[in-house]
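The structure presented is a predicted model; accordingly, all values stated were derived computationally and were not measured.
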Amino acid sequence: MDTHNKPPKLMDRVKATMRVKRYSPRTEKTYCYWIRYFIRFHGVRHPASMGGSEVRAFLEHLAVERQVAAATHNQALNAIVFLYRHVLEQPLGEIGEFSRAKRPRRLPVVLSHEEVMRVLSHLSGSMYLMGTLMYGSGLRLIETCRLRVRDIDYERQVITVRAGKATRTEPLCCQRLVFPPCSIKSPRPNSN
């Protein structure tokens, strides 16, 4: 038997397809998890031999028995649709009606200015810097963590956000930056 002519395994094909389509590593990991879970749920059957009724049964199980959140339910559905549409390149068929996870209605929690100032007063050093940047400019946590000193332009009052949501680079205009330039300190390499 010639091992060099074996077709790639299903999960290797999933990963390769996701990388060609430039999906994020986090999405790749999540989709692979849900595809494996789907396969195991149906007794390790190959997805090419399954269709809409098996997908519906899996989604019902997630919503009713596991009681997953609506976002998690949608993630699982998206992973399976990706598998059939882009990897197996076969129609999924009619899924039909199935129980959807209920998305709770929530109002966003917004802190008042005084509450934000109290939170910031408990921070120091780089955590204070990150907190003030997030509050003053509306950056997300991951965007703040990925910031570099050269991404902040004091003269033009612009912060460049690289690989933010949807992996695009965009300038973020600020009314005024909330810290003086001298407060940014980079660690110096040891001279040993």
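Looking only at atom types and distance, the side chain of Ser24 has a donor-acceptor partner in the side chain of Thr27 under 3.5 Å away.
In this structure, CD on Gln67 lies 11.5 Å from CG on Leu62, to the nearest 0.5 angstrom. Atom CD1 of Ile159 and atom CG of Leu133 lie 5.0 Å apart (nearest 0.5 Å). A distance of 8.0 Å separates CG in Leu139 from CE in Met134, rounded to the nearest 0.5 Å. If you take CG on Asn78 and NE2 on His73, they are separated by 11.0 Å, rounding to the nearest 0.5 Å. Here the OG1-CE distance, from Thr132 to Met130, works out to 10.0 Å after rounding to the nearest 0.5 Å. Taking CG of Leu88 as the start and CD1 of Ile80 as the end, the distance is 11.5 Å to the nearest 0.5 Å.
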Show, in sequence, the C-alpha distance, side-chain angles and deciding distance for Val87 and Phe82, and conclude whether the side-chain contact (heavy atoms from CB on, under 4.5 Å) test is met.
CA-CA 7 Å; Val87 179; Phe82 177 87; 3.8 Å; yes
Verdict with reasoning, Met117 to Glu114, per side-chain contact (heavy atoms from CB on, under 4.5 Å)
CA-CA 5 Å; Met117 291 302 123; Glu114 292 77 25; 5.7 Å; no
side-chain contact (heavy atoms from CB on, under 4.5 Å), that's the test. Do Ser53 and Arg56 meet it? Break it down for me.
CA-CA 5 Å; Ser53 61; Arg56 183 177 52 253; 3.7 Å; yes
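The aromatic rings of Tyr135 and His113 lie tilted to each other, with the angle between the two planes from 30° to 60°. By the 30° and 60° cut-offs, the orientation of the rings of His42 relative to Phe58 is tilted. Between Tyr23 and Tyr31, the ring planes are tilted. Angles from 30° to 60° get that label.
More than 12 heavy atoms of other residues, nucleotides or ligands lie within 6.0 Å of CZ in Arg148, so this atom counts as buried by the packing criterion. Heavy atoms from other residues, nucleotides or ligands lying under 6.0 Å from CZ of Arg45 number more than 12.
Ion pairing between a basic and an acidic side chain is recognised when a charged N comes within 4.0 Å of a carboxylate O; Lys9 and Asp12 show no such pairing. Contact check on Glu143 versus Arg140 returns a salt bridge, with a Lys/Arg side-chain nitrogen under 4.0 Å from an Asp/Glu carboxylate oxygen.
At a threshold of 4.5 Å between non-hydrogen side-chain atoms, the residues Val55 and Met50 do not count as touching. Looking at heavy atoms from C-beta onward, Ile39 lies in side-chain contact with Leu10 at the 4.5 angstrom threshold.
The two atoms that bring Gly51 and Glu54 nearest to each other are N-OE1, 2.8 Å, heavy atoms only. Of all heavy-atom pairs between Leu147 and Thr160, the closest is CD2-O, 3.7 Å. The heavy-atom pair separating Arg118 from Ser121 by the smallest distance is O-OG, 2.6 Å. Heavy atoms only, all atoms of each residue included: Tyr84 and Pro47 are closest at OH-O, 2.7 Å. Nearest heavy atom pair, residue His61 against residue Phe41, reads CG-CE1, 3.3 Å.
A side chain to side chain donor-acceptor pair (under 3.5 Å) with Glu28 is found for one member of Lys15, Arg19, Lys21 and no other, namely Arg19.
Linking Ile, Leu, Val, Met, Phe, Trp and Tyr residues whenever their side-chain heavy atoms come within less than 4.5 Å places Ile35 and Val44 in a single cluster.
A distance-only check finds a donor-acceptor pair linking the side chain of Thr17 to the backbone of Arg13 [under 3.5 Å].
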